Every structure is written in C-alpha cells, then in structure tokens.
Amino acid sequence: MFHRVSQSHLHLLLPLPKHRFPFPRNAITITDEPQQQPSLTETDDAAIAKLVLESDPRSLSESLTKPGFQWTPELVNKVLKRLWNHGPKALQFFKHLDRHPTYIHSTSSFHHAIDIAARMRDYNVAWAFLGRMKSLRLGPTPRTFAIIAERYVSGGKAHRAVKVFLSMHEHGLRQDLNSFNTILDVLCKSKRVEMAHNLFKVFRGRFKADTVSYNIIANGYCLIKRTPMALQILKEMVERGINPSMVTYNTLLKGYFRNNQLREAWEFYLEMKKRKCEIDVVTYTTMIHGFGVGGEVKKSRRVFDEMVREGVVPNVASFNALIQVLCKKDSVENAVLVFEEMVRKGGVPNLISYNVVIRGLCHVGDMEKALKFMGRMEKHGLQPSVQTYNVVIRYFCDAGEIEKALEMFGKMGDGSCLPNLDTYNVLISAMFVRKKCEDLVVAGKLLIEMVDRGFLPRKFTFNRVLNGLVLTGNQDFAQEILRMQSKYGRVLRHLKL
DNA sequence: GTAGGGTTAG
C-alpha cells in the first residue's frame, strides 16, 4: 500500500537517483578558460555537496577536475562539513580531489578526512591519509594525533590512543606539555578518567604538568561524579605550588551540581566570594543552570538578577541556561518570554537557544509553535541543525504523527542537513508503532541507507528490522539486508547475526 | 583547537 506514503520520503521507496547534470545551472560555472575563474559564492559548497551526493563515483572525478574551477581549502572544508553525515561520500570527494592535477589538499582538509574515516572506524584509511600528509610534507601535526586519539577512545580503544600519543616522536613530533594535556583531556572527556590520572601520575614530572593539566583531571572526576576526588586534585595542585584559576573553581562548582550536591555548590560559591575571587559569567551561568535543573527555579532567577546587579553581563549562554531551566521546571511560556526579552535587549539567540525553546514547545505538544520557531531561525542567520530536526522528528513520532515525521526527514534529504545516527534510530523505532507492513519496508530501507552512509546500527536495531520483515512476509527484503552484511562484513561484524 | 558555563526522553 505504497500510495499512502507522501511525496517527501519517496526517495526511500525508489531506487537511488541516477546521475544527473552535475551542477545546478548558474550556481557554478565551469569554463575551460582559466582566465575566467568564477568567483566563489555561498552556494558553491551546497551545490558541490549535492553533486557529490547524486553523482556516480566514476563520473565524479571528471566533474571535480574540470579546469577553470578554483578550489580552495575553505571551500573543500565546507563541502566536507556538509557531507559529515555521509562519510563514504565525503571520503570519495576527498580522494577524488586528491588526484586533481593542480590542487593540493590543505592540512585542515586532511584532518577532516582523517576524522571522518576514523569515526567510521576505518583506521587503516585514516593512517593512509596520515601517510599521504607526510609525503606532501603537510604533517602530521599535533592536531592530527589529537584527532586520531580521540577517535580511538570513542571507539573503545583507549589503550591504542595512549600508544599513539607515546609514539608521536616516531613521526618526528615532540611530545610536549600541550600534547600531554590533549591526550589527558581526550581520555577524560570519554570518561576514561582513571587511565588519564595514571598517565598523569607517570608523566607529570617529565612534562611539567601545569594548571591546565590539573584542571583537566579535576574536570574528569567531576564528569564521573566523583567530586571528592576532584577536590583532592585541587588540594594536590595547591600543595605542589600550582595556582588554581577561575577555571578550576568553576569546574568544581559544576561538579557539585552535576552530582546533585546543591548545598555543597552554594557553600563552594560562598567560599569563592570569601577568597575574593572575581566571580565571572561562567560561575553565574553554572549556578543558574545548576539550581534550575536541581528544581530550585526561584534561586536560579535570583542568581540571574544578582549577576546583573554585580555588573556581570549575561551572555547567550546565561540566557540559554535560564531558558532551559524554565522549559524543564517552570513553563515553556515563561521560557519564550525570556527568549523574547533577550532579543529585545539586543541579544542574538544562537542555535542552542532555538533548539532549547523548540524542544520545550515540542515537549508540551505545541508542534505548531515549534515549527514557527524553526522558521524564525533564518532571521538570525541560522539554519536548523540536525539536532533541531531530530527533536521535531522525535516528538512527531511520539505523537503518532509518523507521516509528519517522515515529511521532516524528507526535508533533510534535500541535502541541507544530512540525518545522523540518532535520526535513523528514532525513525526506525517509529516504524514499529503502527504495526503496518509498509512501515517495516521503510524501516528496512532506512537501515540500508544508514549503513550506506557509514553509520553502524546497533545489533538490536538490525535484528528488530529483520524480525519485523520476516514476520510480515517480506522474506526477500530480509535476505537483501542479510546480504548487506557480507558487503560490509568487516564493519558489521560486531552484529554477529 | 591544551582547561571551565548553555542542546537528546521518562
């Protein structure tokens, strides 16, 4: 019963688009005369991303190497960012351009490519890029190793990350305090705090650990809600004659809130004042957010007023904190009032402001107003992000408005903002609520599409879709999905079907 | 781009 499915997500039900005329006319002019190089416009990166998405890999090379078109690192980076959620296409683009007769990739583009490859856990490709950088004498730089280490840690290979750091010198790079702090931070941000702390204890002497190093470790312990340990780190740094900074104190303060220790947080703040700390905008914002989500909305507002009284100017983050608090613990109406107040006072809402308000509106079921806010973003020079779409899609699904969710998803498919892992997960789950045969077919198509785009579905998702298809008599399609496993065998091995 | 505040559910 495909006829009930709306236009906007037809692309799921149809074969992939065939190669079309490369660039939208006028967006880019390709000429054979180098003298007439077109000037770059804002739409170039969008048009190129679209071309890459739609064209056949074999013909792509020619289109990209047409003489007369001027590539710049900035343009290449913009295109890579647009293709961020389509790793394979992004890398295809990068590799093709790497064979361009005259254009040579910049270090930052290599970093994007390495990041994308490693995120897909294709570490071999990432290292191959590093080798290519080396042969072009563009790197590697400390940043290159930071990226690789970060991806190893988030891929569950923290030990490899540490190894990479320890082998930096083999690539001609000095291990210094900066790179030491970076690896510590990478480990801490992924909650491998013990490992970071051990590394820290081994090397703090050699690298002369500084305030930053200690702050990173203290923050790590705050992230895993071990504030006593964070306090211990603070004590230790003082003992070793290293001065804590406002960053240190704000880190601890946030740690107390995160651990739901509101009283301790307040006492810590009073202590800061007693010690004549110059309470800054971060301190206040931390408290506005902390007290609010802890349920003390009045206190949150009082802190906001106190900040203004003390002559500390609230910035967007401060407003966002208050808006978020009101959405969660008060009413979305009041949150919107604060949003409007900020605009009236000349404050410029950013992506987070919008996402917070939109989520708040969705949460109370006011989808109409949420969409209105989405439309307003452009006035502030913003475009809905993948998070914006995900929120709206999620709440449409929760409300049972599957068609509208798919319609939203269709808008992303236009290429303005590619869906990410969360988008697919939310949408695939939603395909089970109506218990309709055709919904499961869509779920299957979504599953194939996400794998195609370099996302790894959870084993659960995979089995759920397969079972659903088999139960609804779609044996053939289930087979097709199983075949996909062998195609992507290496990547999907963890699924153990 | 060595560190701190603001965005994903109940």
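Predicted, not measured: the structure shown is a model, and the values here were computed from it. Chain identifiers are assigned alphabetically (A, B, ...) following the order of the sequence lines, protein sequences preceding nucleic acid strands; residue numbering begins at 1 within each chain.
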Looking only at side-chain atoms of [X], point me to the closest of [options].
{"X": "A/Gln387", "options": "B/dA3, B/dT8, B/dG5", "answer": "B/dT8"}
{"X": "A/Ile352", "options": "B/dA3, B/dG6, B/dG5", "answer": "B/dG6"}
{"X": "A/Asp422", "options": "B/dT7, B/dT8, B/dT2", "answer": "B/dT8"}
{"X": "A/Ser245", "options": "B/dA3, B/dA9, B/dT8", "answer": "B/dA3"}
{"X": "A/Asn315", "options": "B/dG5, B/dA3, B/dT7", "answer": "B/dG5"}
{"X": "A/Ile216", "options": "B/dA3, B/dG10, B/dG5", "answer": "B/dA3"}
{"X": "A/Arg359", "options": "B/dT7, B/dT2, B/dG6", "answer": "B/dT7"}
{"X": "A/Arg394", "options": "B/dA9, B/dT2, B/dG5", "answer": "B/dA9"}
{"X": "A/Gln324", "options": "B/dT8, B/dG1, B/dG5", "answer": "B/dT8"}
{"X": "A/Asn181", "options": "B/dG5, B/dT2, B/dT8", "answer": "B/dT2"}

Nearest-Å distance, [atom1] ([X]) to [atom2] ([N])?
{"X": "A/Arg258", "N": "B/dG6", "atom1": "CZ", "atom2": "C1'", "answer": "12 Å"}
{"X": "A/Leu199", "N": "B/dT2", "atom1": "CG", "atom2": "C1'", "answer": "14 Å"}
{"X": "A/Leu184", "N": "B/dA3", "atom1": "CG", "atom2": "P", "answer": "12 Å"}
{"X": "A/Leu382", "N": "B/dT7", "atom1": "CG", "atom2": "P", "answer": "17 Å"}
{"X": "A/Glu150", "N": "B/dA3", "atom1": "CD", "atom2": "P", "answer": "11 Å"}
{"X": "A/Asp398", "N": "B/dT8", "atom1": "CG", "atom2": "C1'", "answer": "12 Å"}
{"X": "A/Phe373", "N": "B/dT7", "atom1": "CZ", "atom2": "P", "answer": "18 Å"}
{"X": "A/Asn355", "N": "B/dT7", "atom1": "CG", "atom2": "P", "answer": "11 Å"}

Under 6.0 Å between ring centres, would you say that holds for A/His159 and A/Tyr152?
->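 So the answer is no for these two rings.
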Can you check whether A/Leu322 reaches A/Ser300 side chain to side chain, under 4.5 Å on heavy atoms?
->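 Heavy-atom side-chain distance check passes, below 4.5 Å.
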Under 4.0 Å between any heavy atoms, over every strand shown, what does [X] touch: base, sugar-phosphate, or nothing? Just pick one.
{"X": "A/Ser318", "value": "base"}
{"X": "A/Met287", "value": "nothing"}
{"X": "A/Asn219", "value": "sugar-phosphate"}
{"X": "A/Val391", "value": "nothing"}
{"X": "A/Asp185", "value": "sugar-phosphate"}

Honestly, is A/Lys299 close enough over A/Phe291, meaning NZ or CZ under 6.0 Å from the six-membered ring centre and within 45° of the axis?
->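 Flagged: A/Lys299 positioned over aromatic ring of A/Phe291.
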If you compare every side-chain N and O of [X] against the phosphate oxygens of [N] (OP1, OP2), does one of them come in below 4.0 Å?
{"X": "A/His363", "N": "B/dG10", "result": "yes"}
{"X": "A/Lys328", "N": "B/dA9", "result": "no"}
{"X": "A/His289", "N": "B/dT7", "result": "yes"}

Any N or O donor-acceptor pair linking the side chain of [X] to the base of [N] at under 3.5 Å?
{"X": "A/Asp280", "N": "B/dG5", "value": "no"}
{"X": "A/Asn320", "N": "B/dG5", "value": "no"}
{"X": "A/Thr285", "N": "B/dG5", "value": "yes"}

Quick one: closest heavy-atom pair of A/Arg151 and A/Tyr123, and the distance?
->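 Looks like O-OH, 3.7 Å.
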Heavy-atom donor-acceptor pair, A/Asn259 side chain to A/Gln261 backbone, under 3.5 Å =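 Absent.
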Who are the ring-ring contact (aromatic ring centres under 6.0 Å, His included) partners of A/Phe110, not counting sequence neighbours?
->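 Testing A/Phe110 for ring-ring contact (aromatic ring centres under 6.0 Å, His included), a comparison that skips the adjacent residues, returns A/Phe94, A/His105.
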Listed by chain and number, what are the salt bridge (charged side-chain N to carboxylate O under 4.0 Å, His left out) partners of A/Arg376, not counting sequence neighbours?
->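 Partners of A/Arg376 under the salt bridge (charged side-chain N to carboxylate O under 4.0 Å, His left out) test: A/Glu340.
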